[in-house]
Number of protein chains: 2
Amino acid sequence: MSGNALYDYLERLTSLMRAWSREHPLLAELQPVQVSALHYLSRCNGYSNTPMAVTEYLGLTKGTVSQSLKVLEHKGLIRKQPDPQDKRSVHLELTGEGTALLEALTPPAFLQQAAEALGLRGEMLEALLRELLVTIQRQQDVPSFGLCGSCRFHERREEGPFCGLTRQPLASGAERLICREHESA
Amino acid sequence: MSGNALYDYLERLTSLMRAWSREHPLLAELQPVQVSALHYLSRCNGYSNTPMAVTEYLGLTKGTVSQSLKVLEHKGLIRKQPDPQDKRSVHLELTGEGTALLEALTPPAFLQQAAEALGLRGEMLEALLRELLVTIQRQQDVPSFGLCGSCRFHERREEGPFCGLTRQPLASGAERLICREHESA
DNA sequence: TTGAATATGTATCGATTCGATACTTAATCA
DNA sequence: TGATTAAGTATCGAATCGATACATATTCAA
């Protein structure tokens, strides 16, 4: 019975997010899934900004995502850069316009206000939600899409952060970005 | 910065729910929004099972919802009953098939398992999510869709529960159902 | 090193969602 | 009684989405 109320609340929150997204003037011309893709692209690292990574993150098929990305590109919110190593692959980056749009509306004001009103309890909620996600990922063998700095391949060297999987040094600040290759420590 | 991580986690949870829904054999032929509507209809009271109530709950337009409900009816998952008082209005009830489908898949197993693994912390998460929703509703003047028993019109009389708004006695068990007229005490 | 298997990404099709608009019918209220 | 409001449906066009098929590039084994 306990998980049932959790599901109820998440359903309700989803509905509220949808209503908010539909009413917001900046988002009226964007579909919810496009906003999700933009949001992911703004928070992931250079290994994780490909169409396939977006596909895995959103839980859709690559064909569907390809279409949505085409729309975003056509609207001037993202830009495609061919991968110098793998000529099949493409990297997606936000344009200035895309970044500005996203900064103007995330996080949703109604969420931020409510979280602030909860104070310490809001921070606790955040921590518990995070714990729930980690638990799900461990139980379900689902790609974790965690932050680079919390990965078991992450090394803190004297010269700076380093990825033990790709054997390459990382830019400073990379620790806070989402990585599709992330594996819990 | 605090509300931002909250948004990240909710986005990720939404993606996980979508992926789960797409992979589940019983849901393969149902759209996520149809599942949401079914779920709502299974948890609301007799004042709240109309197309307009579903529209408000989901944050969509009545035209859109009308179409989705037509699909659900055509699939034999819900049934329409004309309102005896208001001849414009229609009440929606789940068929046996609809009830069976919903019971087979809610709450999602992966959510329930993770919540159980968290134990007491899972219950705390539930309570905090509930608090977040109440806070949002108070701040944003959004319809609360709360449980009948927590409404300021709810009366506990000797003969049984009673609604002070419609001035009618309620069936026992009604306290646990969602009401579109709900107002916090 | 050649060839099969695999991976990334795109194109197309049909069913569905979704908002906008217009419409019908019924209830409400002045 | 008549105007306004409300519930619900129908239709249209744009977009999502999954399925399928396809082109290109990489990998890996023989």
Side-chain angles (χ1 to χ4, degrees), chain A residues 14-15 17-25 27-38 47-75 77-92 143 180-181, chain B residues 14-15 17-25 27-38 47-75 77-78 80-92 180-181:
Chain A
T14 301
S15 297
M17 299 267 277
R18 180 166 37 211
W20 163 79
S21 166
R22 202 167 52 81
E23 283 168 10
H24 200 293
L27 273 71
E29 58 192 6
L30 247 60
Q31 301 295 328
V33 73
Q34 297 176 354
V35 178
S36 293
L38 270 185
Y47 303 135
S48 315
N49 58 358
T50 67
M52 267 315 288
V54 177
T55 297
E56 288 171 19
Y57 184 84
L58 294 181
L60 302 173
T61 60
K62 58 182 181 176
T64 298
V65 170
S66 179
Q67 299 311 306
S68 293
L69 293 176
K70 199 169 67 175
V71 173
L72 286 177
E73 188 186 20
H74 190 258
K75 287 183 177 174
L77 299 176
I78 63 175
R79 194 186 300 120
K80 292 185 182 174
Q81 300 282 359
D83 185 303
Q85 261 78 47
D86 189 336
K87 290 181 182 172
R88 297 170 303 178
S89 200
V90 169
H91 292 272
L92 309 161
R180 65 181 298 200
E181 309 287 357
Chain B
T14 301
S15 297
M17 299 266 277
R18 181 167 35 213
W20 163 79
S21 166
R22 202 169 51 81
E23 283 167 13
H24 200 295
L27 272 72
E29 57 192 5
L30 248 59
Q31 301 295 327
V33 74
Q34 296 176 353
V35 179
S36 293
L38 270 186
Y47 302 137
S48 315
N49 58 357
T50 66
M52 268 315 288
V54 177
T55 297
E56 288 171 20
Y57 184 84
L58 294 180
L60 302 172
T61 61
K62 58 182 181 177
T64 298
V65 171
S66 179
Q67 300 311 306
S68 294
L69 293 176
K70 198 170 66 176
V71 174
L72 286 178
E73 188 186 19
H74 189 259
K75 287 183 178 174
L77 300 176
I78 64 175
K80 292 186 182 174
Q81 299 282 0
D83 185 302
Q85 260 79 47
D86 189 335
K87 290 183 182 173
R88 299 169 304 178
S89 200
V90 170
H91 292 273
L92 308 163
R180 66 181 297 200
E181 309 287 356

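In this text, all values refer to a predicted model and were calculated from it rather than measured experimentally. The chains referred to below are lettered A, B, ... by the order of the sequence lines, with proteins before strands, and numbering in each begins at 1.
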Sub-4.5 Å side-chain heavy-atom contact between Met17(B) and Val35(B) | no
State, yes or no, whether a side-chain contact exists between Leu60(A) and Val33(A) at a heavy-atom distance under 4.5 Å.
-> yes
Find the distance Leu30(B):CG to dA15(C):C1' and express it as a whole number of Å.
-> 13 Å
Nearest of dT26(D), dG8(D), dC18(C) to any side-chain atom of Lys62(B)?
-> dG8(D)
From the list dA26(C), dC17(D), dT12(C), which nucleotide is the closest neighbour of the side chain of Gln67(A)?
-> dT12(C)
Hey, does Arg180(B) have a side-chain heavy atom less than 4.5 Å from the side chain of Thr50(B)?
-> yes
Heavy-atom closest contact (Leu69(B) atom, Ile78(B) atom, distance) = O-CD1, 3.7 Å
Which nucleotide in the list dT16(D), dT8(C), dC18(C) gets nearest to the side chain of Leu60(B)?
-> dC18(C)
What nucleic acid atoms does Ser89(B) come within less than 4.0 Å of, heavy atoms only: base, sugar-phosphate, or nothing?
-> sugar-phosphate
Between Lys75(A) and Asp86(A), which has a closest nucleotide on DNA chain D that is more 5'?
-> Lys75(A)
Base of dA27(C) paired with side chain of Arg88(B) (donor-acceptor, under 3.5 Å) = no
Would you mind telling me which of dG8(D), dT17(C), dA26(C) lies closest to the side-chain atoms of Lys87(B)?
-> dA26(C)
Phosphate contact (dA19(D) OP1 or OP2) by Thr61(A) side-chain N/O below 4.0 Å | no
Please report, rounded to the nearest Å, how far the P atom of dT8(C) is from the CG atom of Asn49(A).
-> 14 Å
Using the closest heavy atom to pick a nucleotide of DNA chain D for each, name whichever of Val71(A) or Gln85(A) lands nearer the 5' end.
-> Val71(A)
Residue pair Ser36(B) / Leu58(B), side-chain heavy-atom distance below 4.5 Å = yes
Out of dG9(C), dT16(D), dA11(C), which nucleotide sits closest to the side chain of Gln34(A)?
-> dT16(D)
Kindly indicate whether the side chain of Ser66(B) and the base of dG8(D) share any N or O donor-acceptor pair separated by less than 3.5 Å?
-> no
What nucleotide, of dT9(D), dT12(C), dA26(C), holds the atom closest to the side chain of Lys80(B)?
-> dT9(D)
Taking for each residue the nucleotide of DNA chain C with the nearest heavy atom, is it Gly63(A) or Gln31(A) whose nucleotide lies nearer the 5' end?
-> Gly63(A)
